[in-house]
Novice: 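Starting off with a structure, shown below.
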Amino acid sequence: MTERSPAPGGLALVEALVNTLDIGSGADALDTAEGRARFGITRDEVEDARALRESLRVALLAHAGHPPHREVTPLGELLAGAPLLVAVDQGDGSATLAPANEGPLLSRVAAAVAEALVAGTWSRLKACEAADCLWAYYDRSPAGRGRWCSMQVCGARAKMRRYRAKG
């Protein structure tokens with residue numbers, strides 16, 4: 001839905017997961033074997049991945065100052081099930097947060113969120129304010145006040161609705 005470049009670092013995983021559902025059409029990439037393979041999940045793990053996706057979407061809506069699109073399990077509750085470890089490089093002493101178990105999607109998402117928190121980029125990942133979109137995007141605007149995944153599509157529609165409402 002967007003022409004924006006992917007989010008940096010591990011946030012690309014979060015952005016891609018949230019964007020597996022096209023709100024407008026209802027198409028869900030997690031319904032396909034190819035879509036599931038992209039995230040390393042099986043058919044049995046789809047419902048958990050969907051719950052994670054929608055909890056992430058609520059957090060991204062909050063980053064943009066918008067209310068939740070629906071009732072979901074709080075993201076913090078889900079991420080609590082994915083312990084992280086502090087990994088220290090013996091050579092240079094650098095430290096990173098890493099999933100205790102690299103396999104599960106939840107663990108990889110938890111590590112991505114932790115990495116983004118440390119980098120100061122977590123709050124720049126947002127969800128489009130258009131109710132028929134809610135696409136995840138990384139806000140690269142200087143002030144960090146982006147509202148739509150695409151100014152040319154969702155932004156233009158919102159501005160046209162406001163203009164027509166005035167008339």
Novice: Would you give me the side-chain donor-acceptor pairs under 3.5 Å for residues 82-90, sequence neighbours excluded?
Specialist:
from  : atom 1 : to    : atom 2 : distance (Å)
Asp89 : OD1    : Gly91 : N      : 2.7
Asp89 : OD1    : Asp92 : N      : 2.9

Novice: Got Thr96 and Glu115 here, is their nearest side-chain heavy-atom distance under 4.5 Å?
Specialist: no
Novice: Mind checking side-chain hydrogen bond (donor to acceptor under 3.5 Å, both in side chains) for Asp48 and listing every partner two or more places apart, or none if nothing turns up?
Specialist: none
Novice: If every non-hydrogen atom of Asp22 is compared with every non-hydrogen atom of Gly24, which pair is closest and at what distance?
Specialist: OD1-N, 3.0 Å
Novice: Just jot down the salt bridge (Lys or Arg N to Asp or Glu O under 4.0 Å) partners of Glu54, sequence neighbours excluded, or say none.
Specialist: Arg57
Novice: Using a strict cut-off of less than 4.0 Å between a Lys/Arg side-chain nitrogen and an Asp/Glu carboxylate oxygen, indicate whether Arg36 and Asp31 qualify as a salt bridge.
Specialist: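 Here Arg36 does not pair with Asp31 in a salt bridge, since their nearest N and O are not under 4.0 Å apart.
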Novice: Clusters formed by hydrophobic residues whose side-chain heavy atoms approach within less than 4.5 Å: which one holds Val109, and what are its other members?
Specialist: Leu11, Leu13, Val14, Leu17, Val18, Leu30, Phe39, Ile41, Val46, Leu52, Leu56, Leu60, Leu75, Leu78, Leu79, Leu105, Leu106, Val113, Leu117, Trp122, Leu125, Tyr138
Novice: Looking at residues at least two apart in the chain, or sitting in another chain, which of them share a side chain to side chain contact (heavy atoms under 4.5 Å, CB included) with Glu77?
Specialist: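 Once residues adjacent in sequence are excluded, the partners of Glu77 under the side chain to side chain contact (heavy atoms under 4.5 Å, CB included) criterion are Thr73, Pro74.
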Novice: What's the separation between atom NE2 in His66 and atom CD in Glu129, rounded to the nearest 0.5 Å?
Specialist: 4.0 Å
Novice: Backbone N or O of Ala136 within a donor-acceptor pair of the Asn19 side chain at under 3.5 Å?
Specialist: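 Between the backbone of Ala136 and the side chain of Asn19 there is a qualifying donor-acceptor contact (under 3.5 Å).
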Novice: Please check: side-chain N/O of Arg108 versus main-chain N/O of Pro99, any donor-acceptor pairing under 3.5 Å?
Specialist: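 No, Arg108 side chain to Pro99 backbone: no donor-acceptor pair under 3.5 Å.
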Novice: Step through the shown structure and confirm whether more than 12 heavy atoms of other residues, nucleotides or ligands are within 6.0 Å of CZ on Arg50.
Specialist: yes
Novice: Less than 4.5 Å apart, any side-chain heavy atom of Arg140 and any of Pro8?
Specialist: yes
Novice: Please report the shortest heavy-atom distance between Gly10 and Ala112, naming the atom on each side.
Specialist: O-CB, 3.3 Å
Novice: Looking only at non-hydrogen atoms, find the nearest pair between Cys128 and Leu61 and report the distance.
Specialist: O-CD2, 3.9 Å
Novice: Taking atom types as modelled, find out whether Ser141 and Asp139 have a side-chain donor-acceptor pair closer than 3.5 angstrom.
Specialist: yes
Novice: Which atom pair, heavy atoms only, marks the closest approach of Pro142 to Arg124?
Specialist: O-NH2, 3.4 Å
Novice: So which residues get pulled into Val58's cluster when ILVMFWY side chains under 4.5 Å apart are joined, directly or through others?
Specialist: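 For the cluster that includes Val58, the remaining residues are Val72.
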Novice: Donor-acceptor pair, distance only, cut-off 3.5 Å: does the side chain of Ser107 make one with the backbone of Asn101?
Specialist: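 Yes; judged by distance alone, with no hydrogens or angles, the pair exists.
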